[in-house]
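Sequential numbering from 1 along the given sequence is applied to the chain's residues. Every value quoted in this text rests on a predicted model; they were computed, and no experiment measured them.
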Amino acid sequence: MEVAGGRALDLPLERYGLIGDSGTAALVSDAGSIDWLCLPRFDSAPVFSRLLDPAGGYFGLAPEGPFSATRRYLPGTAILATTFTTPSGRATVYDFFAARSAPAKRRSLWPFRYLVRRAVGEEGRVDLVAVVEPGPGFGRRRPRIERRGRRLLARSGGAALLCEATAPWEPTAGGGQARLPLRAGQRAHVSAAFSGRDLGVWPPVGDFAEEVFAETLAYWQNWAARAGGAPAAVLRSAITLKLLTYAPSGAVVAAPTTSLPEVAGGVRNWDYRYAWIRDASWSVSALYDLGYLAEARAFLFWATNAATLSLPRVRTMYGLYGTTLIREREVRRLRGYRASRPVRVGNAASDQLQLDNWGHLLNAALGYARRAGGLDAGVWSALRAMVGFVADNWHHPDQGIWEVRGAPQHFVHSKVMCWVALDRGVHLVEEFGLTGPAAAWAREADAVRAEVLDQGVDPDHGNLTRAFGDRSLDASLLLVPIVGFLPPDDPTITRTIERVRAELAEGDLVRRYATDDGLPGREGAFLACSFWLAQALGGAGGHQEAKRLFGAAAGRANDLGLLPEEIDPGTGAFLGNFPQGLSHIALIHAALALAAEDRHVKEPPGQHERPEGALVGGAAPGEGTVGLLGPHQGRPAGPDAGKERP
């Protein structure tokens, strides 16, 4: 761990917690430092970015002198409580963004992006010190600092960060500090808010902050109660996905950070502060399976509205308001986390063709429609165009789920997801009376299936392969039974699971692939793949081993229940952008699938077909089973099967 001026830098990612307000999010260390916060949105420039560079700025609140710390989230909330113990006493700091649920008569008093750091003395005396030193973000100039007693103003261009404390600010080299001595029973507050016009409401402290704390606590507990007593790990994952949702539009970002490396010191550093259609579709599935239909509906409207700018093509990712121009550039002046360069802003993968995206979105739409009783006409209009695009273009190569920056290939997972898009389109027409050429789509789905089984199976070992003409393994193949392309206990699937475990697994961790992807260095194990393995293995009959693998993967979370993108198999260190939405999505799906298998009686051996419209996990639609699980490959064979509805 690097130390500069007595301040810890390059903290392990495990030592960070997440707070947010479904608009932006901050990473808070167990040393009391907010080292990453973009304002006013996830994809804005950071105000505090010490996570990526020693000079990036931070917002600290911790005891002066030596201390130890323990932390937790208040149950069912996104309020982070860190308890500091010093030789002279103990105090707890509650970090949160205010939930915008105040009574209407007071709502106009709330500042934009209201961050509260509430300190409570519990025993003896603890001398806390608050430090605010904003960084230059991705630009070159540090903000101008003004101190006005208990108020501190940091100006940059036309924007400003407004800070207030229950003690006066003293000058520091890059901002200000406030000393907050606390005895048992005493309270102090430090707050911050963003203004885009150099004007705004000062973030209140004192009694107002206490009222906001109570309201925010109630907001989160009410939201969590809708999950119906979900297990702790599932609920924490759901809250994390809620924090990664951009509420004004319904978009779901992949992660709140950029350029946290997949290999420490390497170049596998990407910007994840955008909405991937794939990840966001899975988020919807995870949330509606827990009863959050409003969030699912908001995303479907966002996705289909965003896609109207590029229909019938679906972009790999979109900006928070559906923009498609996401240029990638390098910020050369930043050192990067643990000297991992380059630091990137934007993501060139936005221009890639990834055919699996259509399948993920249609799968989420069918799951939502089954729970909500149908789809909005405008949503279906966009989705119908997407299914038509897949029918015309599934035979093309693409960059695949892992966004390989080499030549396009015929990835098996991509082909399977093309089948999913066509299959779900057929089901939407037949189950909900929607208009669409279901017969033509069904024929194309059958053609995709035939080609995958002809060219995507290793003739020597009988398992699915990564791509046509490439016999290597890929962990995305674990999703094939989960989406219903083949029965979960089909010999091709069981052989694929066996070979993935033999060639890609390291203990309970699973790498994405083992082939050269054109980038230097070897990445860590991709955590979502471990949950996929558990889910696929459970469906194939290995339920006890699946539960063991699930427990081991879930146990990789930090003390707050947060999961990274990747894990270093040798050290267990977190790698990649953090926290990673896809890891939490995969945890929810696997947990619900394994729970469904516990509840339902297993079918007799060899009996693969479910009742039409049932989900692969064995539960009927609406029973809260896993959203990734779609209808089995069988379609009704009655006289109206496959016909276009008027």
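- Listed by chain and residue number, Trp36, Leu52, Phe138, Asp271, Arg273 satisfy the side chain to side chain contact (heavy atoms under 4.5 Å, CB included) test with Thr258 (two or more places apart in sequence, or in another chain).
- Partners of Leu575 by side chain to side chain contact (heavy atoms under 4.5 Å, CB included), not counting sequence neighbours, listed by chain and number: Glu566, Asp568.
- Under the ring-ring contact (aromatic ring centres under 6.0 Å, His included) criterion, Phe97 pairs with no residue at all, not counting sequence neighbours.
- For Asp398, the salt bridge (charged side-chain N to carboxylate O under 4.0 Å, His left out) criterion is met by no residue, not counting sequence neighbours.
- Every residue meeting the ring-ring contact (aromatic ring centres under 6.0 Å, His included) condition with Phe578, not counting sequence neighbours, appears here in chain and number order: Phe574.
- Evaluation of the salt bridge (charged side-chain N to carboxylate O under 4.0 Å, His left out) rule for Asp508 yields Arg556 as partners, not counting sequence neighbours.
- Remark: Asp559 engages Arg71 in a side chain to side chain contact (heavy atoms under 4.5 Å, CB included) (not counting sequence neighbours).
- For the residue pair Thr515/Arg466, the side-chain donor-acceptor check at 3.5 Å is satisfied.
- For Leu293, the side chain to side chain contact (heavy atoms under 4.5 Å, CB included) partners are Tyr288, Tyr368, Arg371, not counting sequence neighbours.
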For a side chain to side chain donor-acceptor pair (under 3.5 Å) check, start with the C-alpha distance between Trp223 and Glu295, then their side-chain angles and the critical distance, and finish with the verdict. CA-CA 11 Å; Trp223 189 88; Glu295 284 80 358; 2.9 Å; yes
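- Residues satisfying the salt bridge (charged side-chain N to carboxylate O under 4.0 Å, His left out) test with Glu14, not counting sequence neighbours, are none.
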Distance-only donor-acceptor pairs under 3.5 Å for side chains of residues 579-588, two or more places apart:
from, atom 1, to, atom 2, distance (Å)
Ser583, OG, Pro564, O, 2.6
His584, ND1, Ser237, OG, 2.9
His584, NE2, Leu563, N, 3.0

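- When the ring-ring contact (aromatic ring centres under 6.0 Å, His included) test is applied to Tyr246, the partners found at least two apart in sequence or on another chain are Tyr321.
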Inset, instruction - Applying ring pair (Phe, Tyr, Trp, His ring centres under 6.0 Å), run through Trp402 and Phe526 and close with a yes or a no. - result: CA-CA 11 Å; Trp402 305 128; Phe526 201 79; 5.1 Å; yes
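- For the salt bridge (charged side-chain N to carboxylate O under 4.0 Å, His left out) test, no residue two or more places apart in sequence or in another chain qualifies with Asp279.
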